[in-house]
Every structure is written in structure tokens, then in C-alpha cells.
Protein chains: 2
Amino acid sequence: MTPIHHYHNDDKVMVAVDCIIFGFDSEGLKILLIKRGFEPEKGKWSLMGGFLKKEENLDQAADRVLKKLTGISNIYMEQLRSYSKVDRDPVERTISVSYFALINKDDHDIDLTKEYDAQWFNLKELPQTIFDHPEMIERALNVLRRKAVTYPLGFELLPEKFTMRQLQDLYECILGQELDKRNFINKVNSLDILIKLNEKDKSTSKKGAFLYKFDVEKYQAKSHEGFSLKIA
Amino acid sequence: MTPIHHYHNDDKVMVAVDCIIFGFDSEGLKILLIKRGFEPEKGKWSLMGGFLKKEENLDQAADRVLKKLTGISNIYMEQLRSYSKVDRDPVERTISVSYFALINKDDHDIDLTKEYDAQWFNLKELPQTIFDHPEMIERALNVLRRKAVTYPLGFELLPEKFTMRQLQDLYECILGQELDKRNFINKVNSLDILIKLNEKDKSTSKKGAFLYKFDVEKYQAKSHEGFSLKIA
DNA sequence: CCAAAAGTGTTTATGATACACCCATGA
DNA sequence: TCATGGGTGTATCATAAACACTTTTGG
């Protein structure tokens, strides 16, 4: 039999990464988009994307692109999937690998200076996005929701001290549904990864709500056993 | 701000697909490998891989490559993940997207004529494979196991009529662990997707075991509700 | 004194697990 | 008659889900 291919250049293509950044803050779950700075579709809303360079791997490309376009760095993004429709980019054959992360919006808003045309959008009020970005976003959101129930996301997303209500709000935002307060608290307590503090946050009620912090040791000890925070 | 990139060719790279084919038959779970037909690493065992062409998408490339190297066609493969270490292919910068499928080995053995240097290997006796193929295989196996408990794989993998024991063997192979016979049967029956036939298979015992077939309508009705076959 | 959010337990239902004996038959 | 695999049911436990009233306090 003949070899399928030698290595030649005829079939080289551009490889891109697109970063899907979900952000959480007191207002809810948002997604970050930029005004695309080059043709085609210049000026339209887009995920943060750019091309893979020869001397870097995809993870590195995603980090670099995100930082260049938004200033955000040092976050953990996860590779999701490749998109390869032949005509997905009208200029030239390009495949794109999507990455996603969920971050605390407030921790990174400093980065989003005027220098960048990046903007947070409420998930329910997304503008039109270019190419196959709507599909990328939808798939990422599914993965995010699946992860949220399988694995205790969220602790990195809250301030160091937080109330049960804030934690519950986080889960409700991500899952897009309301949860029973008592069941939620029971579940979280059964995981035994929070420390109840002797302080109260009075900003949202007259009675005040106890603050909790996250027991890093217990959390880490348990997280590789893989515990599930299935909440409904 | 300046655009991050114009479209130029400096950073074009080769894009490959690698197919991970798990096969099930009466002997158990196997994986298909080929003797690589071109340099580098010619003659070593490898996943079925080849390069993406400009006029096809990744799914199509995976189908084409698999057919060319093994004769196997018309199977559903699922995209898994991109591998992009800079030096993963020593000849030239190449990223690879892995695909996987689980098939009934007997249904496709016809295809594997002498023409192909493809061979099934028992999962526990894998030979050394090239590049990052060991990692691809390991990840694919994890996905396969996760899918097996979440979603009733396996019905496509058995002959039209099969015994409970065969179905249980299938799951035990995939999960790599023994299951309790009674619990397994109870669970499967509770799904209500099998039809018990009035025939027995006497090939493995004197008493004979009832044959079942798969109730296609019920199966399909339920499968988009998404039912789980969690078995331990 | 009252509105608004915080806090708190129990019951029920469902699914998971563990477990052991009789049956039918061909050799 | 006996060895071999086939077939069957129950009790227990853990987890999920549903559910409502009292507490606190600033205004």
C-alpha cells in the first residue's frame, strides 16, 4: 500500500483558538465579548480569538490571545472542542479550538481598561456573534452546567468571605434555576468544606447573614477524591 | 489598538486526525492499531491517523482516514480533543484531533483484509504506540467508561438477539469490573427497552439462556429523554 | 410594629447495594 | 447424578426532594 500522505504543505491550514469567558458577579452570569478588530466582520461582536503560532501549543495560544485582547491573564481555561466547517471563516480555511473559563468578574475587571473593546453581556441578552461563535457559546454553557453539578465550582468565584445566599445565588445563576434554600444548605454543609465565621454581613438584611469561608485543606483533600455537589 | 493578526501563512500548520477504535466481541474489549506506513516511526504501531484536507471538515477527515487505513466505514465517531504539543510530531508542527468509536468487532472484521496492517489488541496488552498516542488512548478510554454508565451503549454492539449474560459481559468489559448479576438484570429490566424472546441460546449452558432483543421504539423514545444506566 | 431576609429539621420517596438459593439439562 | 451456568427477590441504606415556620432588627 502507498502511504496516505507525505508531509507537504498543500494542506496546511490556519488554526485558531476562541476563548469563552463566563464571568460571575453580584448581578449574575455574564459572558465576555469583544468588538472584532480586523476584517472580515470587523466591528462585530466576537469571542476572543486569534491564531496559533508555530512555537506554542493551543493552551498557550489561548492564554496569549485572551491576555492580548482583554488583559486577563492567569486564569485556568479548559479546552473544549474543535470547529472545522470548511467555510466557517470566509477568508481562509481555518479550524478553531474553543477554550472556556469561569471567573470572578470583579477580580478581573481591572484588566478591562478602555484599551480593550471587550464588554460583558448578560447571557440572556447576547448580541449576534460572528461565524460559529453562537454554537461554541452554547456548547460551552452546557459543559459549564454539567461541571457545576459534578464538581464544586464556585468557591474561586466568590469573595474570600461570603454568605450562604451568595453561594446559592451563584449556583442558581449557573444552573439557570431556583434551588431550595434548606436543601442547598444541607447539601453544602454535608460536604464539610466551609468554615462558618463569627462575622455577619449586614448589607442585605437587618438581621445579617453569617459569613463563611472556604476550608482550603478540606476542599483540596476531598476534591481529588472527586465529590459531587448535585443540587436540584 | 492594532489587529492581533492579519491572515497570513506564516503560522499555518498541519492538522491531523487520529482515530481510536474500540472493538467488542466475545473475547472482550480490544483496540485497533496499524503499522504506520510512512516515516517517521514507520513500522511502529499507531492509531489510524492522517491529515486534514482543505476541502473537508474534521469529521469527514476522520471517516476518510479510517476507511483508507482499515476499510471500516459507516461508523459513528465522536470528536474528543486536540493535541498540540509543539514537538509532538518530530517532522513538522502538527496538531492532531482525536476521534473515537466503539464498534462490534465482528461486524467489521470483514473489512480488515490482508490489505491493511491493522490489528486488534487486547487493552491490557497494548504495544508501544508512537507520539502522544498512549495519552490519546487513555483519555478515550475514560470517556468511553463515562459514556457507558451515562448512556446505554452496547446495544449496537451485540448481535440482534443476545442473552443477558452477553449484555452483562459487555458492560463488565467496558467498565473493567465485575457486576452483580441480579442488580444488573433488575436495572436493565427497569429501563424497559428489551423484549424477551421465546428462544434460548444453548451454546453456553445446558439449561439455555433466554434471548432478548432490543425494543427499538422504546429505546429511541427514551434515549432523547436521556436515561442513565448507572450500574455498579 | 412590621417588612424583609436569615435560619432551621423532618418526612417521604427513590434508587443503590448487598446478598443466597433453586432450576434445568446434557454429559 | 452432578457440574454448569441460568434465573430469581428482599432487606437495608444512602441520597434526593418536598415542605413552613420562627428569628432578628433597622426603619
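Not measured: the values here are computed from a predicted model. Letters A, B, ... are given to chains in the order of the sequence lines, protein chains preceding strands, and every chain is numbered from 1.
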Output side-chain donor-acceptor pairs under 3.5 Å for residues 135-145 of chain A, partner residues at least two apart or in another chain, one line each.
from	atom 1	to	atom 2	distance (Å)
A/Arg145	NE	A/Ile174	O	2.8

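Nearest to the side chain of B/Asn186, among C/dT25, D/dG9, D/dT25, sits D/dG9.
Between the CG atom of A/Leu211 and the C1' atom of C/dG7 there is a distance of 15 Å, rounded to whole Å. In this entry the distance linking CG of B/Leu167 with P of D/dG7 reads 13 Å, nearest Å. The distance between atom CG of B/Leu191 and atom P of C/dG15, rounded to the nearest whole Å, is 11 Å. As a whole-Å value, the separation of A/Lys187 NZ from D/dT15 C1' is 7 Å. As rounded to whole Å, 11 Å separates atom P of C/dG9 from atom CG of A/Asn189. Between A/Ile185 atom CD1 and C/dA5 atom P the separation is 15 Å, expressed in whole Å. Put simply, CZ on A/Arg182 is 12 Å from C1' on C/dA6, counting in whole angstrom units. Nucleotide C/dA16 holds its P atom 14 Å from the CZ atom of B/Phe184, rounded to whole Å.
Remark: B/Lys147 engages B/Glu78 in a salt bridge, criterion side-chain N to carboxylate O under 4.0 Å.
Checked by atom type and distance alone, the side chain of A/Tyr83 never pairs as donor or acceptor with a backbone atom of A/Val97 at under 3.5 Å.
In this structure, A/Lys105 fails the cation-pi test against A/Phe24, since its NZ or CZ atom is not both closer than 6.0 Å to the six-membered ring centre and inside 45 degrees of the ring normal. Both the sub-6.0 Å distance and the 45° axial angle are not jointly satisfied by B/Lys196 relative to the ring of B/Tyr212.
Taking 3.5 Å as the limit, the base of D/dA16 and the side chain of A/Asn183 contain no donor-acceptor pair of atoms between them.
Here A/Asp201 pairs with A/Ser203 under the side chain to side chain donor-acceptor pair (under 3.5 Å) rule; sequence neighbours left out.
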Within the sub-3.5 Å range, which N or O atoms of nucleotides 4-6 of chain D have a protein N or O partner, and how far apart are they?
from	atom 1	to	atom 2	distance (Å)
D/dG6	O3'	B/Gly208	O	3.3
D/dG6	N3	B/Lys207	NZ	3.3

